[in-house]
Amino acid sequence: PSSEIRKPNLDQRTSAIEFLIEHEIVKREVKNATERFHLMRYWKAEDSICESLEEILEKDDIDHNVDLNHERFERIQKDSQQMLAAKSICKNKVTLVSGRGGTGKTEVVAEVLKAVEEDLKEAEKKSRDEKLKGDSIVSENRVNSDDGFMSKDEDIQKHPPGPGDEAEQKVKIKDMNGPILYCAPTGKAASVIKKRVGSKAYTIHQVISSYKMYKKTEMLTPWKFSAVKVVAVDECSMVAIETIQWLFRYLLEGSDLSKVVLLGDHQQLPSVEPGNFMEDLFIALKIRGMTVTLMTNHRSEGNIIFDNATKIAKQQMPVFDAEKGFILITPNSENLSLLPGNVRPQVKQLKPSTSQIICTPRVRGHGNSKEMDENKKMLYWSLLKDHKKEFSLEDDEKSHIITFMNIECSEVSFYGCWIYNNHLTTEQDSKTNKTKKSFHIGDKIICTKNSDIDVIVPDEVAQLHSSSRQTVPSPLPLPPVVW
């Protein structure tokens, strides 16, 4: 038999596609005379998101009594785009706020939703007071005609509260989330928004799991998030469509959700899973006036960091500006004529150091890889040895060097330990006579991604443990310390 793989003919391909459609693995769509096929699970997820948002948009309008001219919104009032976002959050049932880091997305949403929460709580209090007033009807002979207290008393007699019931009820009330729910796709993103808004924040999966677990119970008490009326989802560009569909669906089933606020950068890379939730929704909502893009960066370092980060990611020449801290440093031997004309004035060439450069040991694990260029070695050595003050590198705890190659990482760590802490990064093991790494307390080094550093136990501590016949703790992995 032939070892060649035969390509299926037209009939076989058609039969296979029909089989996948019949078993709801693939969805067929004909659009503009073009036949398209989608995986059914993702089609259903997107369809569910549309249905959920449509259900929210069809709910009765809620006029939040939020005065955006109040002094509490003074910072937001200075940025017209942020004010536009604030008005959209108050007015629209669905709002998507897009913008890069530092444009104030979280600040706007946090400030506006705090005011919305106050308004919701005030409206709930009024509604509760009116209900109590209506239930308590007093007749002309001053006799309370509300017999609720009788049924309540009867219920107490039939089901007397246990000794811990009141305390347990207080704990349950304390654990309940309020009308505003802040959530994000990851734990790190949730902790960031929690710190910024000063309120509880959860991962999307925590909310989804909470509802699933609640549905498995007898549901005698309200769900933890049953009071939610507004949900704010941060870092939406990272959210998978299958995840966000369950968040919307469960909140609509288990709470009185009536407003959705989505934050993120629609131009960022999407989730690693199929689909591009934020980009697709941005396009769909933009024509309906439900999106706001914040452009102004309010961080002290300005836009140059973000612009240059984008250029570097695209392997383009960044913008150099000495006044803003972006300087191109090259060896003295560099041929500047090879650089673009607009870059040359911003170049700072460093002369070779007058002190002799120390020889670095060959790094294990690099095999036959090329050694670092000698001119670049001298450039790093001169920078750290002779130009620390000029480039604000005197305080090693407040200086950072980021490299893109492992060999540079090892080289700079070697120079740093010698220049700042006066020791080498390797030493001879007296027992095995082998070379081993040597890092001291206070060293600031560069670590490759996901590297671990052993906990350093000083000699005096080790001797103390030894004299007291206690075991010295074994090394534990620490997060990388970037220097």
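All residue numbers refer to positions in the sequence shown, counting from 1.
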Is a side-chain N or O of [X] found less than 3.5 angstrom from the main chain of [Y], in a donor-acceptor match?
X	Y	result
Asn177	Ile180	yes
Gln206	Thr203	yes
Ser98	His266	yes
Asn308	Val319	yes
Asp321	Phe326	no
Ser413	Cys409	yes

Are [X] and [Y] close enough for a salt bridge, meaning some N to O gap below 4.0 Å?
X	Y	answer
Glu118	Arg72	yes
Asp234	Lys105	no
Lys59	Glu55	no
Asp265	Arg100	no

Answer whether the closest heavy-atom distance between the side chains of [X] and [Y] falls below 4.5 Å.
X	Y	value
Thr103	Asp79	no
Ile244	Ile49	yes
Val261	Val233	no
Ser255	Lys229	no
Val94	Leu285	yes
Ser52	Gln245	no
Cys183	Leu247	yes
Thr95	Ser88	yes

Within residues 10-24 or reaching into it, pairs that qualify as side chain to side chain donor-acceptor pair (under 3.5 Å) - sequence neighbours excluded: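 Those involving residues 10-24 are Glu18-Arg28.
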
Side chain to side chain donor-acceptor pair (under 3.5 Å) contacts in which one or both residues fall within residues 272-283, not counting sequence neighbours: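 Counting only pairs at least two positions apart or across chains, no side chain to side chain donor-acceptor pair (under 3.5 Å) contact touches residues 272-283.
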
Among Tyr202, Tyr250, Tyr211, Tyr214, side-chain contact (heavy atoms from CB on, under 4.5 Å) partner for Phe225: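 Output: one option passes, namely Tyr202.
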
Working for side-chain contact (heavy atoms from CB on, under 4.5 Å), residues Asn92 and Met290: CA-CA 7 Å; Asn92 296 324; Met290 297 179 183; 4.2 Å; yes

Verdict with supporting geometry, Ile56 and Val260, side-chain contact (heavy atoms from CB on, under 4.5 Å): CA-CA 8 Å; Ile56 292 169; Val260 174; 3.4 Å; yes

Residues that His205 engages under side-chain hydrogen bond (donor to acceptor under 3.5 Å, both in side chains), provided they are two or more places apart: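 Partners of His205 under the side-chain hydrogen bond (donor to acceptor under 3.5 Å, both in side chains) test: none.
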
Test log, rule side-chain contact (heavy atoms from CB on, under 4.5 Å), inputs Trp246 and Ile204: CA-CA 9 Å; Trp246 293 116; Ile204 296 174; over 6 Å; no

Intermediate values then yes/no, side-chain contact (heavy atoms from CB on, under 4.5 Å), Leu68 and Lys87: CA-CA 8 Å; Leu68 294 175; Lys87 290 175 181 177; 3.5 Å; yes

Minimum heavy-atom distance Ile89-Val109, with the two atoms named: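 In this case the closest contact between Ile89 and Val109 is CD1-CG2, 3.9 Å.
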
